[in-house]
Engineer: 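Got a structure for you, written out below as structure tokens; questions coming shortly.
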Amino acid sequence: MNRIILHIDMDAFFAQVEERENPQFKGKPVVVGADPKGGSGRGVVSTANYVARKYGIHSALPISKAYELCPKAIFLPVNMELYQKVSENIMEIIKKYSSKWEIVSLDEAYLDLSHIFYDRKKCGIRCGWERAKRIAKKLKEEILEKEKLTSTVGIGPNKLIAKMAAEKVKPNGLLVIKPNQVKNFLEPLDIEDLPGIGPKTAERLRPLSVNTIKELKKLSKTKLKDTFGVVGETIYERARGIDEEEVSPEEIIKSIGKEHTFEKDTRDPEILFSTFEKIIKNVHQELTANKFSFKTITVICRFQGFETHTKSKTLKNPTQDLEILKSEAKKFLLKFLLENKKPVRLIGLRVRIW
DNA sequence: AATTCATTATCAC
DNA sequence: CTAACGGTGATAATGAATT
């Protein structure tokens, strides 16, 4: 079945919302994320607006580096409640454009517009893509009108192409890639532009003289499968623009967790255990609020130097008992401290839902 | 021998 | 000291433990 899939992505979402709320920020570099603390902050950048990006600041960049690149930027904490509220409004708008939608995150969604091929007699199959483009313009306009925020839309024959198209024309862009354009669109792109190829995978491909998708396509399915396993096969398909993933709002949570990075690495048991206690309670709270039981408990401990370890235990039977969670989790933390004498950077707890 | 469990690695947002 | 590196969640690989 031929499809028309739309992907919409809000431009520098968190930063743009902050700019909307504080018009005096317009034209200035805005960085939403951890507190830089005069250069000693430990977190990362959540979102940088496009002015800040000119300084080389981007998502996931350590906030200390961001501060170094542009100390005069406006640094703001993440106001998640605000973004959540704005996101809900936007998603309500998006959902009106097709009954087949999928919310990916606070600022991203897919729409399946395939129905426009059929639902108007006088419009033959030929004009489907033109109509999709009109719809996208309308959607972008409505969001700008009602929420005063710009977005970028990509349209393609599947989710993969729609997403990659949007990625290429940010910010405030609109790009339609029809089936016969997929090959030319993909081939010149860098391998890291392909969803699923991150820094590690790219690092292994570049020495093989594989830097573009065109070059990636020279590798056989067998070679990719042997080198990268299941992911390798997916990469093979994606490099050819093949993606059959449906647009659907499935959302089955499989695990819940909380973690915390300390301001300074520490071995102080008071700090470690009181923080861990809060984490445990938070996880349990989340659990009971959703009437979930858990069966597997995983404790994460990251030491100085970023050395990260996990310990996990699967219970005989699923339970909701806070006391079991507490005692098992604390046992693990204690073990970590006995096994490893380094100061602790992060502790975390995750449970697999039953 | 097959399945589950524990751990690490990688990716995305 | 020469990188800096959050929080949340998913999935896969691999080897060990269990059934």
Side-chain angles (χ1 to χ4, degrees), chain A residues 7 9-10 12-14 31-37 39-48 56-69 77-78 80 83-84 87 102-110 159-160 163-164 166-167 191-205 225-235 238 250-263 265 279 282-283 286 295-316 328 332 335-336 339 345-353:
Chain A
H7 182 255
D9 196 334
M10 300 305 298
F13 185 52
F14 296 178
V31 179
V32 179
D35 185 345
K37 299 190 168 143
S40 67
R42 306 187 83 168
V44 298
V45 173
S46 276
T47 316
I57 300 172
H58 56 83
S59 294
L61 185 75
I63 202 74
S64 55
K65 185 69 186 172
Y67 188 79
E68 196 182 299
L69 290 169
V78 178
M80 202 54 89
Y83 315 143
Q84 237 146 29
S87 175
E102 177 176 335
I103 297 170
V104 181
S105 65
L106 287 186
D107 75 319
E108 273 185 49
Y110 289 99
K159 284 164 71 169
L160 173 75
K163 180 167 176 58
M164 293 180 74
E167 212 57 49
I191 46 173
E192 281 201 70
D193 290 338
L194 200 67
I197 299 188
K200 299 291 179 183
T201 309
E203 244 174 69
R204 293 171 63 188
L205 286 166
K225 160 92 182 164
D226 291 349
T227 315
F228 300 107
V230 173
V231 192
E233 289 183 285
T234 310
I235 289 173
R238 289 185 180 176
E250 70 172 296
E251 198 192 310
I252 306 139
I253 299 169
K254 294 173 180 163
S255 73
I256 292 176
K258 296 267 176 267
E259 44 187 68
H260 177 80
T261 297
F262 297 103
E263 303 230 341
D265 301 347
I279 288 173
N282 278 332
V283 170
E286 194 89 352
K295 198 159 126 74
T296 303
I297 300 165
T298 304
V299 174
I300 307 112
C301 195
R302 174 172 294 152
F303 296 92
Q304 194 164 73
F306 232 68
E307 176 189 340
T308 308
H309 296 283
T310 64
K311 289 187 189 293
S312 69
K313 173 173 184 168
T314 302
L315 305 172
K316 287 267 159 34
E328 295 297 341
F332 278 150
K335 270 196 200 174
F336 273 127
E339 284 172 10
R345 182 186 182 92
L346 166 151
I347 51 173
L349 172 68
R350 178 160 294 278
V351 292
R352 188 162 226 80
I353 303 313

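Below, read A as the first sequence line, B as the second, and so on, with proteins coming before strands; counting in each chain starts at 1. Just so you know, these numbers use all the heavy atoms, side chains as well, and skip hydrogens, waters and symmetry mates. These figures come from a predicted structure and were not determined experimentally.
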Engineer: Regarding A:Val44, tell me which of base, sugar-phosphate or nothing describes its non-hydrogen contacts under 4.0 Å with the strands shown.
Structural biologist: base

Engineer: Base, sugar-phosphate, or nothing: which does A:Ile279 touch, judged by heavy atoms less than 4.0 Å apart?
Structural biologist: nothing

Engineer: Looking only at atom C1', what distance separates B:dC11 and C:dC5, rounded to whole Å?
Structural biologist: 16 Å

Engineer: Base, sugar-phosphate, or nothing for A:Ile256, non-hydrogen atoms under 4.0 angstrom?
Structural biologist: sugar-phosphate

Engineer: Out of B:dC11, C:dA4, C:dG6, which has the shortest distance to the side chain of A:Arg42?
Structural biologist: C:dG6

Engineer: Counting the atoms with a prime plus P, OP1 and OP2 as sugar-phosphate, which does A:Lys200 contact under 4.0 Å by heavy atoms, base, sugar-phosphate, or nothing?
Structural biologist: sugar-phosphate

Engineer: Among the candidates C:dG6, C:dA13, B:dT7, find the nucleotide nearest to the side-chain atoms of A:Val230.
Structural biologist: C:dA13

Engineer: OP1 or OP2 of C:dT8 versus the side-chain N and O atoms of A:Ser255: is any pair under 4.0 Å?
Structural biologist: no

Engineer: Kindly say if A:Thr296 contacts the phosphate of B:dC5, meaning a side-chain N or O under 4.0 Å from OP1 or OP2.
Structural biologist: no

Engineer: Between A:Lys159 and A:Glu102, is the closest basic N to carboxylate O distance under 4.0 Å?
Structural biologist: yes

Engineer: OH of A:Tyr110 versus C1' of B:dC13: gap in Å, rounded?
Structural biologist: 11 Å

Engineer: Can you tell me the distance, in whole Å, between the NE2 atom of A:His58 and the C1' atom of C:dC5?
Structural biologist: 11 Å

Engineer: Atom CD1 of A:Ile197 to atom C1' of B:dA9: distance rounded to whole Å?
Structural biologist: 16 Å

Engineer: Contact class for A:Ile63 vs. all strands (heavy atom < 4.0 Å): base, sugar-phosphate, or nothing?
Structural biologist: nothing

Engineer: Establish, with yes or no, whether the OP1 or OP2 oxygen of C:dT11 is under 4.0 angstrom from a side-chain nitrogen or oxygen of A:Lys254.
Structural biologist: yes

Engineer: Please determine if a side-chain N or O atom of A:Arg204 lies less than 4.0 Å away from the OP1 or OP2 oxygen of B:dT10.
Structural biologist: no

Engineer: Between A:Arg352 and C:dG9, is there a side-chain N or O to OP1/OP2 distance below 4.0 Å?
Structural biologist: no

Engineer: Using OP1 and OP2 only, check whether a side-chain N or O of A:His309 sits under 4.0 Å from B:dT8.
Structural biologist: yes

Engineer: Using a cut-off of 4.0 Å on non-hydrogen atoms, how would the nucleic acid contact of A:Thr298 be classed: base, sugar-phosphate, or nothing?
Structural biologist: nothing

Engineer: Respond yes when some side-chain nitrogen or oxygen of A:Ser312 is under 4.0 Å from OP1 or OP2 of B:dT7, and no when none is.
Structural biologist: yes

Engineer: Establish, with yes or no, whether the OP1 or OP2 oxygen of B:dA6 is under 4.0 angstrom from a side-chain nitrogen or oxygen of A:Thr314.
Structural biologist: yes

Engineer: Looking at every strand, decide which applies to A:Gly196 at a 4.0 Å heavy-atom threshold: base, sugar-phosphate, or nothing.
Structural biologist: sugar-phosphate

Engineer: Report yes if a side-chain nitrogen or oxygen of A:Lys163 is closer than 4.0 Å to either non-bridging phosphate oxygen (OP1 or OP2) of B:dC13; otherwise report no.
Structural biologist: yes

Engineer: Applying a 4.0 Å non-hydrogen cut-off, can you work out what A:Ser105 is touching in the nucleic acid: base, sugar-phosphate, or nothing?
Structural biologist: sugar-phosphate

Engineer: Which part of the nucleic acid, if any, lies within contact of A:Glu108, taking any heavy atom under 4.0 Å across all strands shown: a base, the sugar-phosphate backbone alone, or nothing?
Structural biologist: sugar-phosphate

